[in-house]
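Every chain is numbered from 1 and lettered A, B, ... according to where its sequence line falls, protein lines coming before strand lines.
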There are 2 protein chains.
Amino acid sequence: MTTRWLTPEEQRAWRAYVAASLLLEDALDRQLQQDAGMPHLYYTILAYLSETPERRLRMTDLAERLKITRSRLTYAVARLEKDGHVRREACRWDKRGTVAALTDEGMAVLERTAPGHVATVRAALFDHLTPEQVGQLEEIGTRIERALQGDDAESAPEGLPWLRRSVNPPLL
Amino acid sequence: MTTRWLTPEEQRAWRAYVAASLLLEDALDRQLQQDAGMPHLYYTILAYLSETPERRLRMTDLAERLKITRSRLTYAVARLEKDGHVRREACRWDKRGTVAALTDEGMAVLERTAPGHVATVRAALFDHLTPEQVGQLEEIGTRIERALQGDDAESAPEGLPWLRRSVNPPLL
DNA sequence: GGCGCTTGGTTCAAGTTTTAAACAAACCTA
DNA sequence: TAGGTTTGTTTAAAACTTGAACCAAGCGCC
């Protein structure tokens, strides 16, 4: 089968995207390393934890949300734990499980550094986009996501937003 | 000054973008590592070299195009040289300079692996975007780029032979 | 219950990459 | 020619990632 090369338009888009994502990730890492002492991925872990009702998530759930391997997550959480931002707990309902819980200190770091992070994201991105473009970005991002990890429409179980088979009693 | 948090729309866009870029870079790295024995960044270096008329670029020019530090580039080129994909040459006009030149072997690797790479980019991205979205992606990417590295409209210096755009078949 | 298969998560070893700082040589300008 | 800048490399230390191997606990099934 003959290769379908990128059209000039696609090529421009591709290059713009690659350059932009490199610069953006760099800027984010630098800012967060500076202000929070951790790279973007680690900050994101804390952020995700902070959003669940109990500020904790099963390792596998967290890994899936972050789109990283469990192994990578284990390493990251180990560091976050060493730094006191996260605490590991045993899962009561599944003895194999581990739950990563945001500590008060971790939450404090998040609260202290979130404004700077948001400011960076704005300065690097949203301040330069029209509302339409924001919508377009979401749509494009969503499509890539769908393309790259089977579009298994695994809707979150409505009752328990924060878990795999839980930290909570299994619903029957 | 009070923090301007992200609006719900911005937040959705941001998350979609972060997830997508992680997945995309991962997929690309995996495919290229598999087929070409090198990660995306390294492939991109070869690709950029292949596009110049003489298949060679000054280290600094290359670093600027790639949006990476010279130090990082030195490391990368060292490996590419060890693998025989690139050769370092002294720059005749500036004795401080080093020129990275694509070897025939490097070119061969590129030609052999480009189809697979393009296929991956299509499968992960362009096959799921409308032509309008391709344009939108370019525009958004360009804006980020401009935002993050001063918009010095540095047009290519007129004199130097291999700092000019390519006429060759697009390999990326 | 007991036998396998799957899942959750960690560990391990090895390698890869990154960063920042320091440096030397060459260039440039006055 | 002195002084400042640019080029590119070196260095040393960290940080990160990967993949495979592994164990323990759940699950299904007869």
Completion exercise
Those residues at least two apart in sequence (or on a different chain) that pass side-chain contact (heavy atoms from CB on, under 4.5 Å) with Arg122(B) are Arg4(A), Leu6(A), Glu10(A), Val118(B), Phe126(B), Asp127(B)
Practice task
Starting at atom CZ of Arg58(B), determine the distance to atom P of dT9(D), rounded to an integer number of angstrom.
Solution key: 10 Å
Handout entry: Rounded distance in Å - CG (Asp61(A)) to C1' (dT7(C))
Key = 13 Å
Problem - Distance in angstrom units between Leu73(B) CG and dT7(D) P, rounded - result: 13 Å
Practice task
Can you tell me the distance, in whole Å, between the CZ atom of Arg88(B) and the P atom of dT7(D)?
Solution key: 16 Å
Practice task
For atom CG of Asp104(B), decide whether the heavy atoms of other residues, nucleotides or ligands shown that lie under 6.0 angstrom number more than 12.
Solution key: no
Exercise for the section: Salt-bridge test for Glu51(B) and Arg15(A): reply yes if a basic N is under 4.0 Å from a carboxylate O, no otherwise. Expected result: yes
Output a table of nitrogen or oxygen pairs between the protein and nucleotides 25-30 of chain C separated by less than 3.5 Å.
residue: dC27(C); atom: OP1; partner: Lys95(B); partner atom: N; Å: 2.7

Exercise for the section: Starting at atom CD of Glu25(B), determine the distance to atom P of dC16(D), rounded to an integer number of angstrom. Expected result: 17 Å
Practice task
Check for a donor-acceptor pair, side chain of Asp29(B) on one end and backbone N or O of Pro39(B) on the other, with a separation under 3.5 Å.
Solution key: no
Handout entry: 5'-most by nearest nucleotide on DNA chain D - Met59(B) or Ala76(A)
Key = Met59(B)
Exercise for the section: Using atom types as modelled and distance alone, determine if a side-chain donor or acceptor of Glu25(B) lies under 3.5 Å from a backbone N or O of Leu22(B). Expected result: no
Exercise for the section: Mind checking Thr98(A) for me? I need base, sugar-phosphate or nothing, with any heavy atom below 4.0 Å counting as a touch. Expected result: sugar-phosphate
Handout entry: Arg56(A)/Glu89(A) ion pair, N-O < 4.0 Å
Key = yes
Handout entry: Leu32(B) CG - dT16(C) P separation (whole Å)
Key = 16 Å
Exercise for the section: Flag the pair Leu49(B) / Arg55(B) as yes when at least one side-chain heavy-atom distance between them is below 4.5 Å, and no otherwise. Expected result: no
Practice task
Give me the ring orientation class for Tyr17(A) and Tyr17(B): parallel if the planes are under 30° apart, tilted from 30 to 60°, perpendicular past 60°.
Solution key: perpendicular
Using atom names, set out every protein N or O paired with an N or O of nucleotides 18-21 of chain C below 3.5 Å, distance rounded to 0.1 Å.
residue: dT18(C); atom: OP1; partner: Arg72(B); partner atom: NE; Å: 3.0
residue: dT18(C); atom: OP1; partner: Arg72(B); partner atom: NH2; Å: 2.5
residue: dT18(C); atom: OP2; partner: Arg72(B); partner atom: NE; Å: 3.1
residue: dA20(C); atom: N6; partner: Ser71(B); partner atom: OG; Å: 3.3

Practice task
Specify the separation, in whole Å, of atom NZ of Lys82(A) and atom C1' of dA15(D).
Solution key: 11 Å
Exercise for the section: Measure the distance from CZ on Arg70(A) to P on dA21(D) and round it to the nearest whole Å. Expected result: 16 Å
Handout entry: Lys/Arg-Asp/Glu bridge criterion (N-O < 4.0 Å) met for Asp83(B), Arg79(B)
Key = yes
